[in-house]
Amino acid sequence: MAKHAALDIPAIAKARYGNDAPWYEGRIPFFESADAKIDAVYYYRWGLFRAHQRDLGAQGYVTTEFADDVDWQREPYASLNDASGFHIAEGRWLNDRRFTDDYVNFMYEGGNDRHFTDHMADSVWGRYLVDGDRDALLAHLKTMRHIYRLWDEKFDFDKGLYFVEPLLDATEYTVSSIDASGGKDGFRGGDAFRPSVNSYMFANARALSRMAQMAGDAAMAKEYAARAEALRTRVLADLWNPGLGHFTDRHQITNEHVKYWDPVRNRELVGYLPWMFDLVPDEAKYSKAWNHLLDPQSLAGKAGMRTVEKNYEYYMRQYRYLGDARECQWNGPIWPYQTTQVLTGMANLLDHYDERGPVTRSDWMRELRLYTQMHYQGDRLDLEEDYDPETGKPIVGLDRSHHYFHSGYNDLVLSGLVGIRPRADDVLEVNPLLPAAGDPQALAWFRAERVPYHGHEVSVTWDMDGAHYGRGKGLAIEVDGREVARRADLGRLEVAVARKANAPVAREENLAVQLVRSGFPKPSASSGTDPEKLHDAVDGRAWFYPELPNGWDSAGSRGPQWYALDFGKTVTLGRAELAFFADGKQFAAPRTVTVEAWRDGRWTKLGLAAAVLANGITHVRWPALGTDRIRVTMTPQPGRAIRLAELKAFAR
């Protein structure tokens with residue numbers, strides 16, 4: 001019997017997310033393919049995105065990098081800016097635009113402290129290419145320009161290039177920093193003119209020029225276009241290393257070990273970043289650099305991309321430990337961070353450079369599959385910080401490493417594998433980066449559905465022989481449920497799509513968030529009164545990963561348990577959301593949940609949960625009223641403790 005192309009979205013959501021399926025059903029684009037591992041990682045990565053949405057209450061959501069706190073994050077928000085480009089690139093594909101919109105607003109309303117380099121302005125432009133929202137694009141243009149100019153402190157006006165310490169480029173222990181220490185260290189120091197920061201600033205300047213043009217500021221548009229072109233000229237002239245046939249760092253310091261302006265002595269993966277932003281001319285001279293990515297003696301590890309080539313003197317030497325556990329280094333290990341960047345650059349090369357050089361679509365798919373495999377720890381999905389390039393096993397053995405959001409994946413699937421190439425004009429362009437039938441990396445079929453684009457809902461289907469979906473062979477595009485383009489083979493399709501307004505962003509404020517532990521609302525509980533665990537249940541973060549305990553835990557099952565919040569003032573409340581963790585062992589969702597309010601000197605029942613869910617969201621509603629305290633009373637399952645991962649409270 002012929003199959004219908006439409007996906008059974010409720011069934012897929014339930015199979016992938018269990019009781020938490022409702023969060024995903026109306027928000028994410030759905031995808032399936034002939035590769036079960038790519039499918040599994042695609043849905044895992046949306047789960048990762050959800051887990052890293054931190055609710056700040058009145059300030060909305062931010063996207064975090066580490067699921068739990070680290071001491072170099074921006075307090076009290078747990079935010080970091082180095083992976084913001086990936087966070088925005090992933091989030092732009094959501095049908096619910098609130099999360100990425102809140103995040104961009106936060107970053108440009110004081111949240112971006114420039115702790116690390118970033119390409120946020122370019123990422124905001126990339127979001128616009130998907131949602132087409134001009135007002136959201138231009139909302140922070142003045143602040144973007146201000147932040148851009150703050151980077152003058154890292155600009156060498158004689159050389160016309162930016163420099164940075166590798167640690168502040170989110171890449172400690174790279175060639176420039178290790179060599180600047182004489183091979184003794186490399187965590188700090190080693191300032192260098194790097195392909196990364198200069199590519200970021202090129203892309204940010206180009207984005208600012210385009211935004212200024214849209215805003216009608218011709219002078220700013222001209223200024224930043226000139227800045228971008230000046231950077232392009234200098235990167236090509238000075239960071240291209242003819243001897244290595246690669247873009248490389250130049251040292252920015254002179255000491256007994258290194259000399260100012262000398263190029264570093266080895267190729268690094270960072271040399272491909274200029275392609276991520278289309279900085280590089282379409283010339284064979286440059287594209288030959290991609291040979292090194294395929295060379296086992298250079299950057300090609302058995303399990304993925306080495307961050308520095310194998311013959312580097314200090315390749316894979318471990319310098320830094322936390323106790324007995326190995327810490328982060330970039331002198332050889334695979335990093336999802338740079339793997340994402342290189343796959344993005346390679347996708348650009350294959351999509352719209354004529355002089356494509358040595359890499360092929362088969363190479364791109366092979367690297368994507370190696371990256372996909374990196375998410376697996378045995379049969380369990382858990383992306384960690386960095387990996388051994390020969391074995392593919394995680395290196396950093398720390399609790400913070402689990403479910404690490406320092407990279408992208410779903411953007412690679414949607415813009416690369418599926419091939420949706422977002423544009424600023426009223427055209428939908430699709431060009432899947434798949435090799436032809438018979439190639440070992442080929443895919444026989446895929447379908448992406450409910451993909452937002454310029455206010456529309458897009459689906460893309462590939463069926464090599466027409467047998468899987470039974471609707472004809474080849475590549476097809478649907479817009480708002482109607483097929484608008486088709487071809488019988490792999491290749492580029494373009495179709496006119498007049499943009500329309502997006503649904504307005506819906507916002508509601510979670511009143512139960514406690515960002516500062518000493519402030520209101522103040523939590524208390526019947527048992528399990530550790531202050532940190534009490535705080536965890538109202539810190540705006542909820543996930544259900546057993547590797548990362550998070551929330552308030554009751555002490556066993558000693559009869560009814562309660563968790564209370566004192567708001568310190570009267571607030572209007574009409575509903576609550578409760579996330580309960582269950583592992584089938586120690587923790588189970590409670591049998592009953594009742595929400596009470598403190599009124600007239602006693603606790604008064606507000607509402608009873610109709611259904612209590614494990615590893616999902618339990619809802620309790622009541623007629624809105626004013627109170628300064630609420631309490632959640634729970635009946636445990638026999639022999640099981642309760643873990644309340646998060647409590648949220650809303651006015652209605």
Which residues pass the salt bridge (Lys or Arg N to Asp or Glu O under 4.0 Å) test with [X], not counting sequence neighbours?
| X | value |
| --- | --- |
| R450 | none |
| R487 | D489 |
| D113 | R74 |
| R575 | E508, E577 |

So does D131 pair up with R92, basic N to acidic O under 4.0 Å?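 No.
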
Salt-bridged, D133 to R97, with N to O below 4.0 Å?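 Salt bridge present between D133 and R97.
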
Validation row, ring centre H402 to ring centre Y545 under 6.0 Å: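 Between Y545 and H402, which both carry aromatic rings, the centre distance is not below 6.0 Å.
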
For residues 536-548, pull every pair meeting salt bridge (charged side-chain N to carboxylate O under 4.0 Å, His left out), keeping only residues two or more places apart or in separate chains.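 For residues 536-548: D69-R541, R380-E547, D539-R541.
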
Could you work out, with ring-ring contact (aromatic ring centres under 6.0 Å, His included) as the rule, every residue matching [X], not counting sequence neighbours?
| X | answer |
| --- | --- |
| W552 | Y563 |
| Y376 | none |
| Y387 | none |
| Y404 | F66, H406 |

What pairs with H454 under side-chain hydrogen bond (donor to acceptor under 3.5 Å, both in side chains), at least two apart in sequence or on another chain?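 For H454 there are no side-chain hydrogen bond (donor to acceptor under 3.5 Å, both in side chains) partners, ignoring immediate neighbours.
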
Pair up each side-chain donor or acceptor in residues 56-63 with any protein partner under 3.5 Å, not counting sequence neighbours, and list the distances.
residue : atom : partner : partner atom : Å
Y61     : OH   : K648    : NZ           : 3.0
T63     : OG1  : Q53     : OE1          : 3.4
T63     : OG1  : Q53     : NE2          : 3.3

Which residues pass the side chain to side chain contact (heavy atoms under 4.5 Å, CB included) test with R366, sequence neighbours left out? L294, D363, Q441

